[in-house]
Amino acid sequence: MTSTRSFSRSAGVAVRLTVLATVVLGVAYPLAVWGVGQAAFSDQANGSMVTDSSGTVVGSSLIGQSFAGKEADRWFQSRPSAAGEEGYDAGASSGSNLGPSNPDLTKAVEERRAAIAEADGVPASQVPADAVTASGSGLDPDISPAYAEQQVSRVAAARGLSEARVRALVAEHTDGRQLGVLGAPAVNVLELNLALARAR
């Protein structure tokens, strides 16, 4: 009889602790984290979405996208992407996983270098590495200032803008090193292209 009561008491304590842990860790804590995220970091918590002048969401400042097509020369181009079949697939983030000596990667890099050099009117030897290689995620939204500078003449000519105007837009959208020492300066391509679309 005593053992039955002891078991019942222990079972009751276990059930109450399970319910309490479920409420605290499964409901209250996630709601608190969500609330703090929405209150203090709303933009980041909601995907760092970027909108155009009409308020339409056109992408995320954290995810690269393609600017290819018949008017590709009017836009700054992103890094290549190995994410998904067509590239830039946020649901299939990954690099190519090909080593630097892999013949397929070497061939792809050389083909990209030749195409970019022709499009931007520069010698192939001057094409920056980030113009021909994908990032580890395949979704890097940024390019180097060197790659952006290389594209200025092409974009300016295609849009009928002065190179000085386009170069100023690049400078406005170039982020420095984090905390002044971490990482490298970078240009967010989507934000730059949106500024370019508004430029006169």
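Note that the coordinates shown come from a computational prediction; the quantities given were computed from them, not determined experimentally.
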Quiz item: Quick one: does S137's side chain have a donor or acceptor within less than 3.5 Å of a partner on S93's backbone?
Solution: no
Quiz item: Do you know which two heavy atoms are closest between A199 and L161, and how far apart they sit?
Solution: CB-CD1, 4.2 Å
Quiz item: Are any non-hydrogen side-chain atoms of E86 and Y88 less than 4.5 angstrom apart?
Solution: no
If you look only at distance, which donor and acceptor atoms sit under 3.5 Å apart when one is on a side chain in residues 123-133 and the other is two or more places apart or in another chain?
from	atom 1	to	atom 2	distance (Å)
D130	OD1	S144	OG	3.0
D130	OD2	S144	N	2.8
D130	OD2	S144	OG	3.2
T133	OG1	R79	NH2	3.4
T133	OG1	A129	O	2.8

Quiz item: Thinking salt bridges, do K107 and E110 make one under a 4.0 Å N-O criterion?
Solution: no
Exercise. Output yes when a side-chain donor or acceptor of Q77 lies under 3.5 Å from a complementary backbone atom of A72, and no otherwise.
Key: yes
Quiz item: Would you say the side chain of V170 lies within less than 4.5 Å of the side chain of F76, judging by non-hydrogen atoms?
Solution: yes
Practice problem: To the nearest 0.5 angstrom, please state how far the CG atom of D142 sits from the NE2 atom of H173. | Solution: 12.0 Å
Quiz prompt | S96 versus A82, closest heavy-atom pair with distance | solution = N-CB, 3.6 Å
Quiz prompt | Spacing of T174 atom OG1 and L192 atom CG [to the nearest 0.5 Å] | solution = 8.0 Å
Quiz item: For residues S153 and E163, is any side-chain donor paired with an opposing acceptor at under 3.5 Å?
Solution: yes
Exercise. May I ask you to test the Q151-I143 pair for a side-chain heavy-atom distance under 4.5 Å?
Key: yes
Self-check item: Shortest non-hydrogen contact from D120 toward Y147
Solution: OD2-CE1, 4.2 Å
Quiz item: Rounded to the nearest 0.5 Å, what separation is found between the CZ atom of R159 and the CH2 atom of W75?
Solution: 4.0 Å
Quiz item: Quick one: side chain to side chain contact (heavy atoms under 4.5 Å, CB included) partners of S94, sequence neighbours excluded?
Solution: none
Practice problem: Given side-chain contact (heavy atoms from CB on, under 4.5 Å), test Q150 with I116 step by step and report yes or no. | Solution: CA-CA 10 Å; Q150 176 187 293; I116 290 169; 3.2 Å; yes
